2 protein chains.
Amino acid sequence: MPEDNPPPDVSPRAAVARRIAALRHARGLSLTALAARAGIGKGTLSELESGTRNPTLETLYALAGPLGVPLTGLVGDEAGRSVSDGVVDAHLLSVRTHDDGGTTEVFWLTLAPGGTRISPAHRPGTVEHFRVVRGRGHAGERGAEQGLGPGEAHSWPGDTVHTYGSEEGAEGVLVIETPGDVPGPS
Amino acid sequence: MPEDNPPPDVSPRAAVARRIAALRHARGLSLTALAARAGIGKGTLSELESGTRNPTLETLYALAGPLGVPLTGLVGDEAGRSVSDGVVDAHLLSVRTHDDGGTTEVFWLTLAPGGTRISPAHRPGTVEHFRVVRGRGHAGERGAEQGLGPGEAHSWPGDTVHTYGSEEGAEGVLVIETPGDVPGPS
DNA sequence: GCTGGCCGTTCCATAAACAGAACACTTTTG
DNA sequence: CAAAAGTGTTCTGTTTATGGAACGGCCAGC
């Protein structure tokens, strides 16, 4: 049965809702005040921030002005954001979803000097490719890491435990390919 | 004269309309095909591209996936400029300028079916790397192109004439490394 | 204690965005 | 040359996002 099992809420609606509410609070504006400045109904804004509504482009545009952000600041998804843990900084450049449900993610990876990060296994069939652009580093399946200098690349299965690291620091392009077509329940 | 000079149309609606149409053409998708992949009505998409509709957030999100761009790529101003000549669509994901003046550019390349593009030599020392993610294509120094399928990669010097092409269409990640060496004043 | 102002939420009628069908038109195929 | 398959646009009824009104909760000032 197609039970609607909403995961952790990845919907763009919830993300935008959170972002608007956060920006409004940061500006010290009340819901009523922001609605007035944006020229939209306060009920609209209320339900929008609670994630129960699916705003139109023009509603978002009306809000972007008074909030002092470009439209991309409201809808900005994870692309362009960095995830950093002090050792590895992964800057997501692109996400592609393919017909079969597989995805291709492209990251700019910055490895801090002297650090190593252990990454858990991803889903079966995942493949990772890392091309070093600057510095020297090492990456690959744990126990089978390969040293890499500028211009060198290495590929490995992402569905086992793997590591990234560098002694002197390194930067490069990381491509993660996740397969689609998980045998659905049918 | 009370001519209501129709403004250059700065409305977000028209801008998004143009962007979606441009991306769709660059991918070689028909309106019908894109609507199907996005899971939206074709009438919806038609009127959306003509600028007569005010799309909701979720409609935009549905389109972003099949078009292979983040949401910001649809509503953003220049977020990731695309250069297309009908055969090759190069979507710039990232540019890095290094200390020595060298640069690394990361593109998402979409090769239209049945086309080949000849690219002139870049500056000496430039190196290009192309990794195919979907479809099949060929790339490399002219006369020494290499056939590539999903997951395969090829590197070649960018300072000679080289080509990109595909019979059935292909997509992948292209990395162009330009050396520093700029006779900087210092 | 009341009273008035502002807060955010919930409800309502209207306008419009939606999916899909019907359409005219062009290109391909036999 | 006719049939078939493709293109994008226009029309339909249904769904839903919208602005505004009504509502209860909270705090200040008389």
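Naming convention: chains lettered A, B, ... in sequence-line order (proteins, then strands); numbering from 1 in each chain. Owing to the predicted nature of the structure, the values given are computational and were not obtained by experimental measurement.
Rounded to whole Å, atom P of D/dT7 lies 11 Å from atom NE2 of B/H25.
With a 6.0 Å radius and a threshold of 12 heavy atoms from other residues, nucleotides or ligands, A/R37 has its CZ atom at or below the threshold.
Comparing the end axes of the helix from C/dG1-D/dC30 to C/dG30-D/dC1, each fitted to five base pairs by superposing C1' atoms of four pairs onto the next four, gives an inter-axis angle of 10° (nearest 10 degrees).
Between the side chain of B/S155 and the backbone N or O of B/H129 there is no donor-acceptor pair closer than 3.5 Å.
Applying the side chain to side chain contact (heavy atoms under 4.5 Å, CB included) test to A/N54 and every residue at least two apart in sequence or in another chain returns A/R13, B/T56, B/L57, B/E58. For A/E145, the salt bridge (charged side-chain N to carboxylate O under 4.0 Å, His left out) test picks out no residue, with sequence neighbours left out. Under the ring-ring contact (aromatic ring centres under 6.0 Å, His included) criterion, A/H154 pairs with A/W156, not counting sequence neighbours.
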- Kindly indicate, with the supporting measurements, whether the criterion side-chain contact (heavy atoms from CB on, under 4.5 Å) is fulfilled by A/W108 and A/V133. CA-CA 10 Å; A/W108 185 269; A/V133 170; 4.1 Å; yes

- Note on the structure: Letter by letter from the 5' end, nucleotides 9-19 of chain C scores (B base, S sugar-phosphate only, - none; protein heavy atoms under 4.0 Å) BBB-----SBB

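B/I118 belongs to a hydrophobic cluster whose remaining members, ordered by chain and number, are B/V161; membership requires side-chain heavy atoms of ILVMFWY residues under 4.5 Å apart, directly or through intermediates.
Between A/H162 and A/E128, the side chains place a donor N or O and an acceptor N or O closer than 3.5 Å (distance only, hydrogens not considered).
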